[in-house]
Amino acid sequence: SLLQLKLWNKYRVSNIPSLIFIDASSGKVVCRNGLLVIRDDPEGLEFPWGPKPFSEVVAGPLLRNNGQTLDSSALEGSHVGVYFSAHWCPPCRSLTRVLVESYRKIKEAGQKFEILFVSADRSEDSFNQYFSEMPWVAVPYADEARRSRLNRLYGIQGIPTLIVLDSKGDVITRQGRVEVLNDIECREFPWHPKPVLELTDSNAVQLNEGPCLVLFVDSEDDGESEAAKQLIQPIAEKIIAKYKAKDEEA
């Protein structure tokens, strides 16, 4: 029915089963990943399962691949890429190769940036092998509870996923993978979402994120796509500002 379709679209449900918790008084989403929540907290001890700050969820020791440990408070004041990945997944491995270069370029440019690897590997050996290729930090593989809480916090539904956070721990973009692959030189870092994008193979995934307006232009004529962009840019900016004022996702 139309109502069902509206609910699917409103909550961006792309696979089932999906369980989403909502605050009835405000209508705001409390938690997108209800299935993980009830698996991790069957007793309901953490009810009402609202979003916690990143610094609270990540709290604890982190690893470097040389065996050194550091406290998660070391991430404070940096942009952070939270990287959900696993060695068994080929798209993860190819993204990691690109990401190692991006990480190096961003650090060399003097930016405060750290990447946190949250593993979905199937064994500690596999984690160690994969992590040995990474110059950044990781949640210890043995700390399954903390890895799971981070998955829950961002409603992770597939890997690889790279969530980019600002220095206060707020999400800048959930599309870090697309951004890294589209911006090999990292000129756009930290990749604040653009109101208007050129539709490409790599960013087509954003069509699943919510309602989109797609404008087709004659690609033979370069001037036309620029004119089209200038036409829809102010409209897009206005819509984004409206949702931002309401503290909702556009």
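Owing to the predicted nature of the structure, the values given are computational and were not obtained by experimental measurement.
- When side chains are defined from C-beta on, L181 counts as touching V98, because their heavy atoms get closer than 4.5 Å.
- A salt bridge is defined here as a Lys NZ or Arg NE, NH1 or NH2 lying under 4.0 Å from an Asp or Glu carboxylate O, and R149 with E46 fails to meet this definition.
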inquiry  = Before you tell me yes or no, could you show the steps for R152 and V37 under side-chain contact (heavy atoms from CB on, under 4.5 Å), namely the whole-Å CA-CA distance, both residues' side-chain angles and the distance that decides it to 0.1 Å?
reply    = CA-CA 7 Å; R152 258 165 54 192; V37 167; 3.6 Å; yes
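- Clustering ILVMFWY residues whenever any of their side-chain heavy atoms sit less than 4.5 angstrom apart, transitively, puts L5 in a cluster other than the one holding V13.
- For S18 and Y11, the side-chain atoms include no donor-acceptor pair closer than 3.5 Å.
- In this structure, D166 contributes its side chain and K168 its backbone to a donor-acceptor pair below 3.5 Å.
- Going from atom OG of S225 over to atom CG of L215 covers 10.0 Å, rounded to the nearest 0.5 Å.
- In the hydrophobic clustering of ILVMFWY residues, with side-chain heavy atoms under 4.5 Å counting as a link, L70 and V58 come out together.
- A 4.5 Å side-chain heavy-atom check between L95 and S85 finds every atom pair outside the cut-off.
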> Hey, mind stepping through I172 and H79 against side-chain contact (heavy atoms from CB on, under 4.5 Å) and telling me if it holds?
Replying inline: CA-CA 9 Å; I172 292 176; H79 283 81; 3.6 Å; yes
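- Nearest heavy-atom pair, A86 versus I159, reported as atom, atom and distance to 0.1 Å: CB-CD1, 3.8 Å.
- Distance check: E224 CD to D218 CG gives 5.0 Å after rounding to the nearest 0.5 Å.
- Classification of R97 and E133 as a salt-bridged pair fails, no side-chain N sitting under 4.0 Å from a carboxylate O.
- V29 is listed as a side-chain neighbour of I20, based on a closest heavy-atom distance under 4.5 Å.
- Between P190 and H192, the closest side-chain pair of non-hydrogen atoms falls below 4.5 Å.
- No more than 12 heavy atoms of other residues, nucleotides or ligands sit less than 6.0 Å from atom CG of D201.
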Check step by step if side-chain hydrogen bond (donor to acceptor under 3.5 Å, both in side chains) holds for Y83 and T96. CA-CA 9 Å; Y83 184 36; T96 297; 2.7 Å; yes
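- Between V100 and M134 there is no side-chain heavy-atom pair separated by less than 4.5 Å.
- C92 approaches C89 most closely through the heavy-atom pair SG-SG, 2.6 Å.
- Distance OG/S72 to CD/E114: 12.0 Å, rounded to 0.5 Å.
- Residues F216 and L199 are members of one and the same hydrophobic cluster, defined by side-chain heavy-atom contacts under 4.5 angstrom among Ile, Leu, Val, Met, Phe, Trp and Tyr.
- Under 3.5 Å, the side chains of D183 and W191 contain a donor-acceptor pair of N or O atoms.
- Salt-bridge formation is not detected for the pair E101/K107: no Lys NZ or Arg NE/NH1/NH2 atom is positioned less than 4.0 Å from an Asp or Glu carboxylate oxygen.
- Remark: the backbone N or O of A227 is not paired with any side-chain donor or acceptor of Q230 at under 3.5 angstrom.
- Residues P91 and R177 approach most closely at CB-NH2, 3.7 Å, considering heavy atoms.
- Annotation: K28, atom NZ; neighbour count of heavy atoms from other residues, nucleotides and ligands within 6.0 Å is above 12.
- Side-chain atoms of S25 and D23 form a donor-acceptor pair, as typed in the model, at a separation below 3.5 Å.
- No more than 12 heavy atoms of other residues, nucleotides or ligands lie within 6.0 Å of NZ in K238, so this atom counts as exposed by the packing criterion.
- The closest side-chain heavy-atom distance from V180 to L162 is below 4.5 Å.
- Nearest approach of T161 to G158, heavy atoms of both residues: OG1-O, 2.6 Å.
- Because its NZ or CZ atom is not both nearer than 6.0 Å to the ring centre of Y130 and within 45° of the ring axis, R93 does not count as a cation-pi partner of that residue.
- Rounding to the nearest 0.5 angstrom, the gap separating the CG atom in L19 from the CD1 atom in I38 is 5.5 Å.
- Counting heavy atoms from C-beta outward, L36 and N151 have side chains that approach closer than 4.5 Å.
- Within 6.0 Å of the CD atom in E144, the count of heavy atoms belonging to other residues, nucleotides or ligands does not exceed 12.
- D40 and S148 are linked by a side-chain donor-acceptor pair at a separation below 3.5 angstrom, with hydrogens and angles left out of the test.
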Set out, in order, the CA-CA distance, both residues' side-chain angles and the distance that settles side-chain contact (heavy atoms from CB on, under 4.5 Å) for F84 and Y154, then state yes or no. CA-CA 10 Å; F84 297 86; Y154 298 116; 3.9 Å; yes
* To do: Would you check, one step at a time, whether the test side-chain hydrogen bond (donor to acceptor under 3.5 Å, both in side chains) holds for D41 with W49?
  => CA-CA 9 Å; D41 183 22; W49 302 307; 2.8 Å; yes
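- Counting all heavy atoms, side chain and backbone alike, P140 lies closest to R146 at CD-NH2, 3.4 Å.
- For W136 and Y103, the ring centers are positioned less than 6.0 Å apart.
- If you take CD1 on I106 and CZ on R104, they are separated by 11.0 Å, rounding to the nearest 0.5 Å.
- The minimum heavy-atom distance linking K52 with L153 is given by the pair O-CD1, 3.3 Å.
- Connection of L207 to L197 is not established within any shared hydrophobic cluster, with ILVMFWY side chains joined at heavy-atom distances below 4.5 Å, either directly or through further cluster members.
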Report task. Let me see the working for I115 and V80 under side-chain contact (heavy atoms from CB on, under 4.5 Å), right down to the final yes or no. Result -> CA-CA 5 Å; I115 293 177; V80 177; over 6 Å; no
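- By the criterion of side-chain heavy atoms lying less than 4.5 angstrom apart, applied directly or through intervening Ile, Leu, Val, Met, Phe, Trp or Tyr residues, L99 is grouped together with I184 in one hydrophobic cluster.
- Aromatic ring centres of F127 and H87 lie farther apart than the 6.0 Å criterion allows.
- The distance between the ring centers of Y141 and F131 does not fall below 6.0 angstrom.
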Test salt bridge (Lys or Arg N to Asp or Glu O under 4.0 Å) on E198 and K229; report intermediate values, then the result.
CA-CA 9 Å; E198 204 159 306; K229 198 172 180 177; 5.8 Å; no
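- A 4.5 Å side-chain heavy-atom check between F117 and L63 finds every atom pair outside the cut-off.
- Distance CG/L116 to CG/L150: 6.5 Å, rounded to 0.5 Å.
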